[in-house]
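So that the names make sense, note that chain A is the first sequence line, chain B the second, and so on, each numbered from 1. No experiment lies behind these values; they were computed from the predicted model shown.
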Amino acid sequence: MAKVVICTAWPYSNSPIHLGHVAGSLLPPDIFAKYHRLKGDDVLMVSGSDQHGTPVTVKAEKEGVSPEEIAERYHAINSEAIRGLRIDYSLFTKTHTENHFEVVHDVFLHLLEKGHLYKKETLQYYCSHCMRFLPDRYVEGTCKNCGNEKARGDQCDTCGTTFAPGELENVRCTLCGSVPELKETEHYFLRLSAFQGPLIDYVRDKSYWKANVQTFTKNWLEAGLTDRAITRDMTWGVSVPLPGWDGKVIYVWFEAVIGYLSASVEWAKRSGNPDAWKDFWMDPTVKHYYFLGKDNIPFHTIIWPAILMGYGGLNLPYDVPANEYLTFKGEKLSKSRGVSIDIPSMLQKFDPDIIRYYIAAEMPENRDSEFSWEEFEIKTNNELVATLGNYYHRVLSFTYRNYGCVPEFKGSADERREVIDAIETASGQVDEYLSTCQFKKALKVVMDLAQFGNRYFDRVAPWALVKTDKDKCGTVLNLNLEIVKSLAILSYSFMPRSAEDAWELLGYDETIMKNGWQWLGTYVKVGQQLQEPRPLFSKVEVDRGDRMFGEFEKLDLRVGVIDAVNDHPNADKLLVMDVDIGKKIKLVAGLKTHYPKEKLLGKKIVVVANLQPAKLRGIESQGMLLAAESKGKVLLMTPAADAPAGEPVNSGMTPSARMLSFSDFQKLVLLVGQIASQDSADVGRIVKCKGPCGMTSIGKKVGVFLPSADSADALVLCTKGGVPIAVDGDIENGAPIR
RNA sequence: AGCGGGGUGGGGUAGCCAGGAUAUCCCGUCGGGCUCAUAACCCGGAGAUCGGUCGUUCAAAUCGACCCCCCGCUACCA
């Protein structure tokens, strides 16, 4: 029996966890942990909510509540969601605890004593308007390297350059927009540069790490390590355990990783043996695994090992199987970007095993993988329900009905060997794949065994044998039950709920976990009473009907009237217009070469009212007008002449009030469609149409929305009153609108 | 245009790092079987010059060079 420590990245407690967390840092470690527990290993799996840090304070400021309230709220929500997913931590705690403070203080003082920390005066941005020092993400400016104007205080997300204070140009405070000044402040630094050599030695024998993890780490080490500040001018966080350091806290990146250790200590205290954690952290033979998303790699392969080395006597990470991203509609799932499918609401609709199955089957182990509701439905219904679920059910229900218990095996050794061989081969592979964190492959093997079961069941046809040769029938059912039993054990790590249910239906008094993997080596007991079977999985249906045009609601379109038109002082093709959309806004548009100014004045147009303002050549555009474009031709989309300014163009739906980024807008498919009949339109091909396309509209060219580029359905753009939005002239069907 | 990620039968994917014999799996499609099972299961067929060209090699989806195209972020696209 080996000891294993499994650590998983700590989710920020400023929002509910989403599918990206499950795919990246929740499900893989749980599968791994369940596997080790089945094998009889002693697993310590810890994590918790990362409650400090700027994201929490940002959210708190937005809502006007204390950071603590936010931190606690989402800790509760996320703990519940994690339980709901059947993810079994030894302890899922949080960072805002007395225990965590103690452990962090201990580590801090140890490092200080050993000379790994030092004090230094630095320059920090201070906003005199907001009366505070600004964290890096509150500072925006121009990157001197690539010219990106939205670089953050500490680094440029575009080109990856990192900045020392003062290196960023054109700085401004993102809270109030004023120009912050640099002010002296004193901070502690971690002497990371001193660990360069030891870290290179540490990484040397890690050839078993995933390629992406090795590359990333190597690049960091080759670039050379620089010392990093580990304190901040803030009040929400872990205090600095020294006199005179009020108003400063320990920086979250330094403090959060120590959570792995503090959570282990807390777990030990709660278990009644306060020293129990030492068996896991001080015995060098115990392997430590860290599961996280790729954005977290350097913290776990460089910084955390450095802290551990500095502290001394504690185990370093053995493996860091970082995953890539799960994407949705091609974008990274991320709460900060609003692309998110959160777990609490998913759990209300779906069985956790179904979510776990899908994520495990599509896990972004080596490259980003795409989540889609369609695939979710297909994989669930055709693989999980139809292959595994159906096999469980046909074997159990047939046997139950005809025998009521496990029938006796009266066949030859050869007959048995065929089935046992298949099981042994499968379990050998699952064992190998799971022990090396190759979860997708392991799951595939399990599903292949289920398919083997289906084939076998078909071939031996017990429904025929039961009428002619009951002994023989019992024999083959006995073997099928053997497969069912094995499937329950092998699938347990992935789908614990259904595995336990199947186990119960097989009539076992003891749990799977009782003997774990060793159950594979014992035959099902002849005569064991079966429970009345029920299907173990249900099909899912994703409601496409209502959702179909859901994306359209992202757009807040309004009728606008052009009040004034002027040349852009600083651009050849741009015009600056004042537009009335119920309120006055300024638009910058590239219409100069397509429309004469006088023709635009007073014209009615359609405006995207909730687009994030953007500066175009120095002048801010507070929206965007819709126009069809094809082969260099640009034609405005125009509402009916009597539509008042500000009238919503909502096609009978409820638009969202939130701002839309330009890239999100670009993902929406708006095309020119010619109304072909009462319920269809020609966009280069015929699509089914929803919206007002009565007889009088046939032949007209209007704007339509498509849920996706290849969709067979479309929604006609129209005002609240039901009048379609027409193209200002003739243009080919299917021309894009932007 | 800069940076990053990709192009594999109708759609979605595996394989690529460590090159080899009929290129995987799911859906769809065509035909058949079975009727125990959640219209599920099983068998068989059709359908791919693995984006293109050149090269390395006995052997290339896999390695190298160049090109084309797509997506994300960025930008005088709004």
Side-chain angles (χ1 to χ4, degrees), chain A residues 143 145-151 156-161 207 210-212 214-215 324-325 327 329-332 337 361-362 365-370 372 374-375 377-387 389-402 440-441 444 447-448 450-451 453-466 473 477 480 533-539 568 570-575 577 587-592 607-608 611-627 629 634 661-663 665-667 710 736-738:
Chain A
C143 170
N145 185 42
C146 72
N148 171 24
E149 288 177 12
K150 284 184 186 160
C156 172
D157 289 335
T158 306
C159 67
T161 310
S207 53
K210 281 187 179 185
N212 57 347
Q214 286 193 54
T215 314
E324 303 287 307
Y325 292 139
T327 60
K329 298 194 173 155
E331 259 198 272
K332 179 192 169 193
R337 302 215 239 159
E362 291 284 301
E365 275 176 344
N366 294 311
R367 68 172 58 167
D368 292 355
S369 70
E370 168 83 3
S372 85
E374 284 71 25
E375 279 294 303
E377 189 179 300
I378 286 169
K379 276 201 120 60
T380 304
N381 295 344
N382 289 317
E383 294 179 22
L384 187 59
V385 180
T387 304
N390 182 54
Y391 180 65
Y392 274 146
H393 196 239
R394 69 198 295 210
V395 172
L396 289 167
S397 60
F398 188 86
T399 314
Y400 178 77
R401 191 169 336 115
N402 290 291
K440 269 169 137 168
K441 282 188 181 165
K444 179 73 169 44
M447 295 308 286
D448 285 348
Q451 190 179 34
N454 273 318
R455 283 180 186 154
Y456 182 72
F457 196 90
D458 259 47
R459 202 178 77 215
V460 296
W463 58 88
L465 283 176
V466 74
C473 182
L477 287 175
N480 272 293
R534 56 180 189 276
L536 292 181
F537 300 103
S538 320
K539 292 195 169 190
H568 192 296
N570 211 5
D572 300 335
K573 294 186 241 172
L574 301 180
L575 291 176
M577 296 175 284
L587 287 188
V588 181
L591 288 175
K592 203 162 168 179
V607 175
V608 184
L611 198 65
Q612 271 171 8
K615 270 193 186 171
L616 293 178
R617 203 73 181 166
I619 294 184
E620 185 173 86
S621 183
Q622 295 160 321
M624 162 177 175
L625 50 80
L626 290 187
E629 184 176 10
V634 172
S661 72
F662 186 67
S663 63
F665 170 75
Q666 282 190 307
K667 291 196 188 83
D710 54 0
I737 296 174
R738 5 173 269 162

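Expressed to the nearest 0.5 Å, how far CD of A/Q451 lies from CG of A/N454 amounts to 7.5 Å. For the atom pair A/D458 CG and A/W463 CH2, the distance stands at 4.5 Å (nearest 0.5 Å). A distance of 11.5 Å separates CG in A/N390 from CG in A/N382, rounded to the nearest 0.5 Å. Summarising the geometry, atom CG belonging to A/L384 is positioned 11.5 Å from atom NZ belonging to A/K539; distances are rounded to the nearest 0.5 Å.
Shown here for A/K440 and A/A361, the closest heavy-atom pair between the two residues is CE-O, 3.4 Å. Residue A/E383 comes nearest to A/M447 through the heavy atom pair O-CE, 3.3 Å, listed as atom of the first residue, atom of the second, then distance. In terms of heavy-atom proximity, A/C473 sits nearest to A/P462 at SG-O, 3.5 Å.
Spacing between atom CG of A/N382 and atom P of B/rG12 amounts to 17 Å, rounded to whole angstrom units. In this structure, A/R455 atom CZ and B/rG44 atom C1' are separated by 13 Å, rounded to whole Å. A/M577 places its CE atom 9 Å from the C1' atom of B/rA78, with the value rounded to the nearest Å. Straight-line distance from the NZ atom of A/K539 to the P atom of B/rC41: 8 Å, rounded to whole Å. Rounded to an integer number of Å, the gap from CE of A/M447 to C1' of B/rA40 is 14 Å. For A/N381 and B/rG28, the CG to P distance is 11 Å, given to the nearest whole Å. Whole-Å rounding puts the A/K441 NZ to B/rU24 P distance at 17 Å. In this structure, the NZ atom of A/K440 is 10 Å from the P atom of B/rU13, given to the nearest Å.
Distances from the side chain of A/L625 to the nucleotides B/rC41, B/rC43, B/rA78 place B/rA78 closest.
Across the P atoms, B/rC76 and B/rU8 are found 33 Å apart, a figure rounded to whole Å. Taking the P atoms as reference points, B/rG20 lies 36 Å from B/rA1, given to the whole Å. Look at the P atom in both B/rA61 and B/rA21: the space between them is 10 Å, to the nearest Å. Look at the P atom in both B/rC17 and B/rC69: the space between them is 27 Å, to the nearest Å. Nucleotides B/rG33 and B/rC50, compared at atom C1', are 34 Å apart to the nearest Å. Between B/rU22 and B/rA18, the two C1' atoms lie 24 Å apart (nearest whole Å). Across the P atoms, B/rC73 and B/rC63 are found 28 Å apart, a figure rounded to whole Å. On the P atoms, B/rC67 is 11 Å away from B/rG2, given to the nearest whole Å.
Heavy atoms of A/L536 sit under 4.0 angstrom from at least one base atom. A/F537 comes within 4.0 angstrom of a base, heavy atoms only.
Between A/K379 and the phosphate of B/rG12, there is no side-chain N or O to OP1/OP2 separation shorter than 4.0 Å. An OP1 or OP2 oxygen of B/rC25 is reached within less than 4.0 angstrom by no side-chain nitrogen or oxygen of A/Q451.
Looking at heavy atoms from C-beta onward, A/T380 lies in side-chain contact with A/V385 at the 4.5 angstrom threshold. Between A/F457 and A/L477 there is a side-chain heavy-atom pair separated by less than 4.5 Å.
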* Does the pair A/V466 and A/F398 meet the rule for a side chain to side chain contact (heavy atoms under 4.5 Å, CB included), with working shown? -> CA-CA 10 Å; A/V466 74; A/F398 188 86; 4.1 Å; yes
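Judged purely by distance below 3.5 Å, without hydrogens or angles, the side chains of A/N480 and A/R394 never pair a donor atom with an acceptor atom.
With the nearest nucleotide of RNA chain B identified for both A/A450 and A/K444, A/K444 has the one nearer the 5' end.
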Please list each protein N or O that sits under 3.5 Å from an N or O in nucleotides 34-37 of chain B, with the distance.
residue	atom	partner	partner atom	Å
B/rC36	O2	A/R394	NE	3.2
B/rC36	N3	A/R394	NE	3.4
B/rC36	N3	A/R394	NH2	2.6
B/rC36	N4	A/R394	NH2	3.0
B/rA37	O3'	A/H393	ND1	3.4
B/rA37	O2'	A/N390	OD1	2.8
B/rA37	N1	A/R394	NH2	3.3
B/rA37	N3	A/N390	ND2	3.3
B/rA37	N3	A/R394	NE	3.1

* So what is the 5' to 3' dot-bracket string for RNA chain B, if pairs are Watson-Crick or G-U wobble with both distances under 3.5 Å, crossing pairs use [ ] and | means the partner sits on another strand? -> ((((((((.[[[..)....(....]]].(((((.......))))).....[[[[[..)....]]]]])))))))....
